[in-house]
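I have placed the structure first, in the form of structure tokens, so that the comments after it can refer back to it.
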Amino acid sequence: MGCTLKSCQYQFGRGELSERYRTIAIPYAEGDKEGGLTAEVIRRMSETGALRYVSSGGDLTLTIKLIELRDENIGFRYDRKKQGELKKTIIPTESRLSVVAEVSVVEACSGQVIRGPTRIKTSVDFDHDYYSSYRGINVFSLGQLNDYDAAHDAVMYPLNRHLAERIVDYVINSW
């Protein structure tokens, strides 16, 4: 739709994308190993009704590249001996998982970038247990899923959901 008009070039402050384009293709996000973010962005974009998602050949193409996934410990407690006495060591009990994505909206027929590239960041905090053995080795870490791994896997859904909301908001509402 946009490329057949003489004034198809993006101009700052000249209306919403949904007024000039009808469809958007969302290819697999680079670095999205499980596909959870891509699926969530497609779902969120479809819910808005502003642009219709198509698997290919859209008026616009949304490109997403995950450029950073960071995990940091933010909460700690003192470890305890079997009798309940405090040890001198501290152990992590809360973590923050942060992700940064680079996002661009490209007009498909001209290849012109009309939004971005911009970096969008979000994070999710989560609690987890840490059980240590006598030698300080996590008792579940010998090739099995440990408490931290289970918590990390579980938090990926809300992290992807929140990032997808921010990406779709950027596409639909930014000037």
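All heavy atoms count here, side chains included; hydrogens, waters and symmetry mates do not.
- Few gaps surround CD on E47; more than 12 heavy atoms of other groups in view lie less than 6.0 Å from it.
- Here S123 contributes atom OG and L159 contributes atom CG; the two are 8.0 Å apart, rounded to the nearest 0.5 Å.
- Of the residues V168, V41, V99, the one that meets the side chain to side chain contact (heavy atoms under 4.5 Å, CB included) test with L163 is V99.
- The two residues G58 and T23 have their closest heavy-atom pair at CA-OG1, 3.3 Å.
- In terms of hydrophobic clustering, with Ile, Leu, Val, Met, Phe, Trp and Tyr side chains grouped at heavy-atom distances under 4.5 Å, I64 and L69 are assigned to a common cluster.
- Although no hydrogens or angles enter the test, the distance criterion places a donor-acceptor pair under 3.5 Å between the side chain of Y28 and the main chain of G35.
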Could you go step by step and tell me if Y53 and R43 meet the side-chain contact (heavy atoms from CB on, under 4.5 Å) rule?
CA-CA 9 Å; Y53 165 74; R43 187 173 76 74; over 6 Å; no
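- The only member of L17, T61, V171 that meets side chain to side chain contact (heavy atoms under 4.5 Å, CB included) when paired with I24 is V171.
- Under the salt bridge (Lys or Arg N to Asp or Glu O under 4.0 Å) criterion, E72 pairs with no residue at all, not counting sequence neighbours.
- Atom CG of D125 sits about 5.5 Å away from atom CD of E94, to the nearest 0.5 Å.
- The CD1 atom of I26 sits 6.5 Å away from atom OG of S46, with the distance rounded to the nearest 0.5 Å.
- Look at R22 and D59 and you find no salt bridge, because none of the NZ, NE, NH1 or NH2 atoms lies under 4.0 Å from a carboxylate O.
- The two atoms that bring A25 and S56 nearest to each other are CB-CA, 4.2 Å, heavy atoms only.
- The nearest pair of heavy atoms linking S104 to V113 is CB-CG1, 4.3 Å.
- A chain of hydrophobic side-chain contacts below 4.5 Å, direct or via other Ile, Leu, Val, Met, Phe, Trp or Tyr residues, connects I172 to L60.
- Side chain of Y170 to main chain of R119: no donor-acceptor pair is present (N/O by atom type, distance under 3.5 Å, no hydrogens or angles).
- Between K121 and S98 the shortest side-chain heavy-atom distance falls below 4.5 Å.
- With D32 contributing its side chain and L37 its backbone, the two residues share a donor-acceptor pair below 3.5 Å.
- In terms of hydrophobic clustering, with Ile, Leu, Val, Met, Phe, Trp and Tyr side chains grouped at heavy-atom distances under 4.5 Å, V106 and V54 are assigned to different clusters.
- Across L66 and A101, no two heavy atoms sit closer than the pair CD2-CB, 3.9 Å.
- Between the CG atom in D169 and the CZ atom in R44 there is a gap of 11.5 Å [rounded to 0.5 Å].
- P158 pairs by the side-chain contact (heavy atoms from CB on, under 4.5 Å) definition with V155, R161, not counting sequence neighbours.
- In this structure, H162 NE2 and Y157 OH are separated by 13.0 Å, a value rounded to the nearest 0.5 Å.
- Here the side chains of R96 and F126 are not in contact, with every heavy-atom distance at 4.5 Å or above.
- Of the inter-residue distances, the one linking T122 atom OG1 with E165 atom CD reads 8.5 Å to the nearest 0.5 angstrom.
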Trace of the side-chain contact (heavy atoms from CB on, under 4.5 Å) decision for N160 with E34:
CA-CA 11 Å; N160 285 336; E34 302 293 322; over 6 Å; no
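- The backbone N or O of A29 sits less than 3.5 Å from a side-chain atom of T38, completing a donor-acceptor pair.
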